Amino acid sequence: MRYWLMKSEPGEVSIDDALAAPNHTVAWTGVRNYQARNFMRDAMTVGDGVLFYHSSCAEPGIAGLAEVASTPYPDETQFDPASHYFDAKATQETPRWMLVDVRIREKTRLVPLSELRQTPELADMVVLQKGSRLSITPVTVDEWKFICKKLLKK
DNA sequence: GCCAACGTTGGC
DNA sequence: GCCAACGTTGGC
């Protein structure tokens, strides 16, 4: 059982959009970074905990709790020439980009990035490190517990 | 819109 | 395999 933080731009898919989707579940399309892809393809298992994070928006921060809801499978947008995420080097036989489904468990209060940064217990979070811009980062069990049991109870 | 930091590309 | 140039991310 592992834990992750996954960034989504609310202009693309917000926590409310994900909640409105069937089964509160969305396919995590659009990842075009190998490290982030590898986390989904190689390291995630169904049931892993996910911090659903809003990025590139007025109030960046954690917006809810979710979970990995599928095994990895190809991101269909890579095959679609009309898609912003089209990849000419990907084929059905040798897909390049894999994703998982993510199911929202709970919309929480928005825990702003600024609050995360001010929390000493979270100083080592990967997503908070200088220069970190990965859209998917691992979260330790201690960080997960602290966020769930302390920050989200405020 | 700026820009620091990082990732990717491609010539050599 | 190196590395300069370019592209992207994402907070501010």
Side-chain angles (χ1 to χ4, degrees), chain A residues 2-21 25-44 48-68 72-140 142-144 146-148 150-152 154:
Chain A
R2 299 185 62 175
Y3 301 93
W4 309 93
L5 181 142
M6 298 177 76
K7 296 179 184 175
S8 185
E9 300 186 14
E12 298 279 327
V13 181
S14 70
I15 183 109
D16 291 324
D17 295 332
L19 273 175
T25 301
V26 290
W28 208 261
T29 57
V31 169
R32 293 295 180 268
N33 169 283
Y34 290 106
Q35 218 179 325
R37 178 204 66 181
N38 292 348
F39 283 141
M40 291 197 286
R41 189 189 63 183
D42 307 330
M44 288 186 180
D48 279 1
V50 172
L51 301 171
F52 191 105
Y53 180 94
H54 281 173
S55 72
S56 290
C57 57
E59 237 192 331
I62 296 168
L65 300 178
E67 66 187 9
V68 175
Y73 63 97
D75 181 344
E76 285 300 320
T77 63
Q78 71 192 299
F79 308 125
D80 178 4
S83 170
H84 175 65
Y85 299 115
F86 177 66
D87 184 340
K89 293 179 180 169
T91 65
Q92 297 278 351
E93 293 72 30
T94 56
R96 177 177 293 198
W97 304 107
M98 306 290 280
L99 53 66
V100 297
D101 289 343
V102 173
R103 188 177 73 81
I104 306 300
R105 286 181 189 157
E106 178 190 354
K107 179 180 177 178
T108 64
R109 78 174 175 96
L110 196 290
V111 183
L113 175 60
S114 56
E115 182 177 342
L116 298 176
R117 289 203 185 283
Q118 289 164 15
T119 304
E121 291 86 348
L122 300 178
D124 292 334
M125 273 190 89
V126 176
V127 72
L128 302 181
Q129 300 313 301
K130 184 181 169 72
S132 165
R133 21 167 248 192
L134 260 187
S135 63
I136 299 175
T137 49
V139 173
T140 69
D142 288 344
E143 290 159 354
W144 175 270
F146 184 85
I147 289 164
C148 292
K150 297 282 174 21
L151 291 192
L152 293 178
K154 278 188 184 174

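Keep in mind that what you see is a predicted model, and the values were worked out from it rather than measured. The sequence lines fix the lettering, A, B, ..., with proteins before strands; numbering per chain opens at 1.
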Nearest whole Å is fine: how far is B:dG7 C1' from A:R96 CZ?
14 Å
Do any side-chain nitrogens or oxygens of A:Y53 fall under 4.0 Å of OP1 or OP2 in C:dG11?
yes
Could you walk me through whether A:Y34 and A:R96 pass side chain to side chain donor-acceptor pair (under 3.5 Å), step by step?
CA-CA 9 Å; A:Y34 290 106; A:R96 177 177 293 198; 3.2 Å; yes
Output the residues of residues 112-131 of chain A in contact with DNA chain B, where contact means a heavy atom of the residue under 4.0 Å from an atom of the strand; sort by number or write none.
A:K130, A:G131
Does one side chain, of A:T77 or A:D80, offer a donor that lies under 3.5 Å from an acceptor on the other?
no
How many angstroms lie between OG1 in A:T25 and CD in A:E67, if you round to the nearest 0.5 Å?
8.0 Å
Which is it for A:W97 and A:F79 under the ring-ring contact (aromatic ring centres under 6.0 Å, His included) test, yes or no, and what are the steps along the way?
CA-CA 10 Å; A:W97 304 107; A:F79 308 125; over 10 Å; no
Taking atom types as modelled and ignoring hydrogens, do the side chains of A:S55 and A:R133 form a donor-acceptor contact shorter than 3.5 angstrom?
no
So if I take every side-chain heavy atom of A:S135 and compare against B:dG7, C:dG10, C:dG11, which nucleotide ends up nearest?
C:dG10
Check: A:R133 side chain, C:dT8 base, donor-acceptor under 3.5 Å
yes
Rounding to a whole Å, what distance do you find between A:R32:CZ and C:dG7:C1'?
16 Å
With A:L116 as reference, evaluate A:L51, A:V127, A:L128 under the side chain to side chain contact (heavy atoms under 4.5 Å, CB included) test and give the passing residue.
A:L128
